[in-house]
Chemist: 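Supplied in structure tokens, the structure appears directly below.
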Amino acid sequence: MSDLEARLVDIVRSVPTTMQVLRTARDLGLPDAMVFSGAVYQPVWNHLTGRAPDYGIKDYDLAYHDASDTSYEAEDVVIKRVAAAFEPPLRDLVEVRNQARVHLWFEKKFGADEPYPPLESSAEALKRFVATAFCVGVRMEADDSLSVFAPFGLDDLFALYLRPNPLRVKGAGGWARTTGSAQARWPEITVEGQ
């Protein structure tokens, strides 16, 4: 584990709600489950900028990957099962998605400005986020250790630097909206090109 991965794990462990979501996903036995996006990178920014650990976290993205049934009905069963494992308000903040079916709805929901081929794993989804600093996920293992997934590394995350994901179509994915929202909450962030 690199120094930055160790720092990330320490920060995530200091956020009770993120740890509760990770532990619940593990205990429910969701296949290829991980928490990613804002529930992981935002606590790092909060730590670096002296804010409360859960400041700015709007939801907890809980991914799993089950290609055996990519129907909405199967995903809805999992969504309801996960919701039943939490008390409000966390119940309403955990957003569960089967990464094996994202390609079925992504282009319709977000626009067809770039293709979204089927994903082979939850970790593969990390390569699709708009900024490299957002491309980070964490899984709780059976022994309570945390595994970190970061296809572009963690340097940008810890530098508070937003650079476009080089694997995405330039200009796709709501770059200005996404970076503007992040800068409004964390003005210390530097956005490439600004």
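Here the structure is a predicted model, which is why all the values come from computation and not from measurement. Index from 1, following the sequence.
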Chemist: Centre of Tyr55's six-membered ring, under 6.0 Å away, within 45 degrees of the axis: is that where NZ or CZ of Arg185 sits?
Modeler: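 No, Arg185 does not sit over the ring of Tyr55.
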Chemist: Do Val130 and Thr179 have side chains that get closer than 4.5 Å, going by heavy atoms?
Modeler: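 When only atoms from C-beta onward are counted, Thr179 and Val130 do not touch, as no gap falls below 4.5 Å.
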Chemist: Between Thr18 and Val12, is there a donor-acceptor pair closer than 3.5 Å when you use the side chain of the first and the backbone of the second?
Modeler: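 Side chain of Thr18 to backbone of Val12: no pair is present.
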Chemist: Give a yes or no on whether the backbone of Ile11 and the side-chain of Ser14 come within a donor-acceptor separation of less than 3.5 Å.
Modeler: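 Indeed, once roles are kept as given, a pair shorter than 3.5 Å links the two residues.
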Chemist: Within the 4.5 Å heavy-atom criterion, are Val35 and Met140 side-chain neighbours or not?
Modeler: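 The answer is no; the side chains never approach within 4.5 Å.
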Chemist: Please set out all donor-acceptor pairs under 3.5 angstrom arising from side-chain atoms of residues 80-89, sequence neighbours excluded.
Modeler:
from, atom 1, to, atom 2, distance (Å)
Lys80, NZ, Asp76, OD2, 3.0
Arg81, NH2, Leu28, O, 2.4

Chemist: Which pair of heavy atoms, one from Val15 and one from Pro53, lies closest together, and at what distance?
Modeler: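 Scanning both residues, the minimum pair turns out to be CG2-CB, 3.8 Å.
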Chemist: Could you measure the distance from the OG atom of Ser71 to the CZ atom of Arg101? Nearest 0.5 Å is fine.
Modeler: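 Here the rounded value is 7.0 Å.
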Chemist: Keeping the roles fixed (side chain from Glu5, backbone from Met1), state whether a donor-acceptor pair exists under 3.5 Å.
Modeler: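 Flag not set: sc Glu5 to bb Met1 has no pair under 3.5 Å.
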Chemist: Determine the minimum heavy-atom distance between Tyr60 and Ala39, stating which atoms define it.
Modeler: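 Nearest heavy atoms, Tyr60 then Ala39: CD2-CB, 3.5 Å.
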Chemist: Can you get from Trp105 to Tyr116 by hopping between Ile, Leu, Val, Met, Phe, Trp and Tyr side chains that sit under 4.5 Å apart?
Modeler: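 Linked within one cluster.
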Chemist: Do Leu157 and Leu4 have side chains that approach each other closer than 4.5 Å (heavy atoms only, starting at C-beta)?
Modeler: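 SC-SC contact between Leu157 and Leu4 ruled out.
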Chemist: Honestly curious: do Val9 and Val138 fall in one hydrophobic cluster under the side-chain, below-4.5 Å linking rule?
Modeler: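 As far as the 4.5 Å side-chain criterion goes, Val138 and Val9 are connected within one cluster.
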Chemist: On a heavy-atom basis, which atom in Leu146 and which in Met19 lie closest, and how many Å separate them?
Modeler: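 Looking at all heavy atoms of both residues, the closest pair is CD1-SD, 4.1 Å.
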Chemist: May I have all residue pairs that pass salt bridge (charged side-chain N to carboxylate O under 4.0 Å, His left out) and include part of residues 44-66, sequence neighbours excluded?
Modeler: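 As it turns out, the salt bridge (charged side-chain N to carboxylate O under 4.0 Å, His left out) pairs with a partner in residues 44-66, which skip direct neighbours, are Arg51-Glu188.
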Chemist: Go through the steps for Leu8 and Val40 under the test side-chain contact (heavy atoms from CB on, under 4.5 Å), then give the verdict.
Modeler: CA-CA 8 Å; Leu8 174 68; Val40 178; 3.9 Å; yes
Chemist: Would you name the heavy atoms of Pro151 and Cys135 that are closest together and state the gap between them?
Modeler: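 Looks like CD-O, 3.3 Å.
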Chemist: Is there a side-chain contact between Phe152 and Leu126 (heavy atoms, below 4.5 Å)?
Modeler: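 SC-SC contact between Phe152 and Leu126 ruled out.
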Chemist: Write out all pairs satisfying side-chain hydrogen bond (donor to acceptor under 3.5 Å, both in side chains) with one or both partners inside residues 88-99, taking only residues at least two apart or from two chains.
Modeler: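 Matches after skipping sequence neighbours: none remain.
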Chemist: Less than 4.5 Å apart, side chain to side chain, heavy atoms only: is that true for Glu107 and His103?
Modeler: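 They are not in contact (no side-chain heavy atoms under 4.5 Å apart), so the answer is no.
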Chemist: Output every pair passing ring pair (Phe, Tyr, Trp, His ring centres under 6.0 Å) with a member in residues 121-143, not counting sequence neighbours, ordered by first then second residue.
Modeler: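 Applying ring pair (Phe, Tyr, Trp, His ring centres under 6.0 Å) to every pair that reaches into residues 121-143, excluding sequence neighbours, yields Phe36-Phe129, Tyr41-Phe134.
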Chemist: Heavy atoms only: give me the nearest Leu119-His65 pair and the separation to one decimal.
Modeler: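 Minimum heavy-atom contact is O-NE2, 2.8 Å.
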Chemist: Could you state the interatomic distance from OG1 (Thr178) to CG (Leu162), rounded to the nearest 0.5 Å?
Modeler: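 Going from OG1 on Thr178 over to CG on Leu162, the span is 9.5 Å.
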Chemist: Can you list every salt bridge (charged side-chain N to carboxylate O under 4.0 Å, His left out) pair that touches residues 9-27, not counting sequence neighbours?
Modeler: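 As it turns out, the salt bridge (charged side-chain N to carboxylate O under 4.0 Å, His left out) pairs with a partner in residues 9-27, which skip direct neighbours, are Arg26-Asp144.
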Chemist: Evaluate Tyr72 against Leu104 for side-chain contact (heavy atoms from CB on, under 4.5 Å), listing each step before the verdict.
Modeler: CA-CA 10 Å; Tyr72 171 77; Leu104 300 174; over 6 Å; no
Chemist: Are the side chains of Tyr64 and Val78 in touch, meaning some heavy atoms are under 4.5 Å apart?
Modeler: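 Yes, their side chains come closer than 4.5 Å.
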Chemist: Quiz question: by atom type and distance under 3.5 Å, do the side chains of Ser181 and Arg177 form a donor-acceptor pair?
Modeler: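 Ser181 vs Arg177: no donor-acceptor pair found between side chains.
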Chemist: When rounded to the nearest 0.5 angstrom, what distance separates OG in Ser122 from CG in Asp32?
Modeler: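 Atom-to-atom, Ser122:OG and Asp32:CG are 3.5 Å apart.
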Chemist: Can you pull the salt bridge (charged side-chain N to carboxylate O under 4.0 Å, His left out) pairs that have at least one residue in residues 148-163, sequence neighbours excluded?
Modeler: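 Salt bridge (charged side-chain N to carboxylate O under 4.0 Å, His left out) check on residues 148-163 returns Asp156-Arg163, Arg163-Glu192.
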Chemist: OG1 of Thr132 to CZ of Arg168: how many Å apart, nearest 0.5 Å?
Modeler: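 Answer rounded to 0.5 Å: 12.5 Å.
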Chemist: Shortest non-hydrogen contact from Ala150 to Val136?
Modeler: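 Ala150 and Val136 have their closest heavy atoms at CB-CG2, 4.3 Å.
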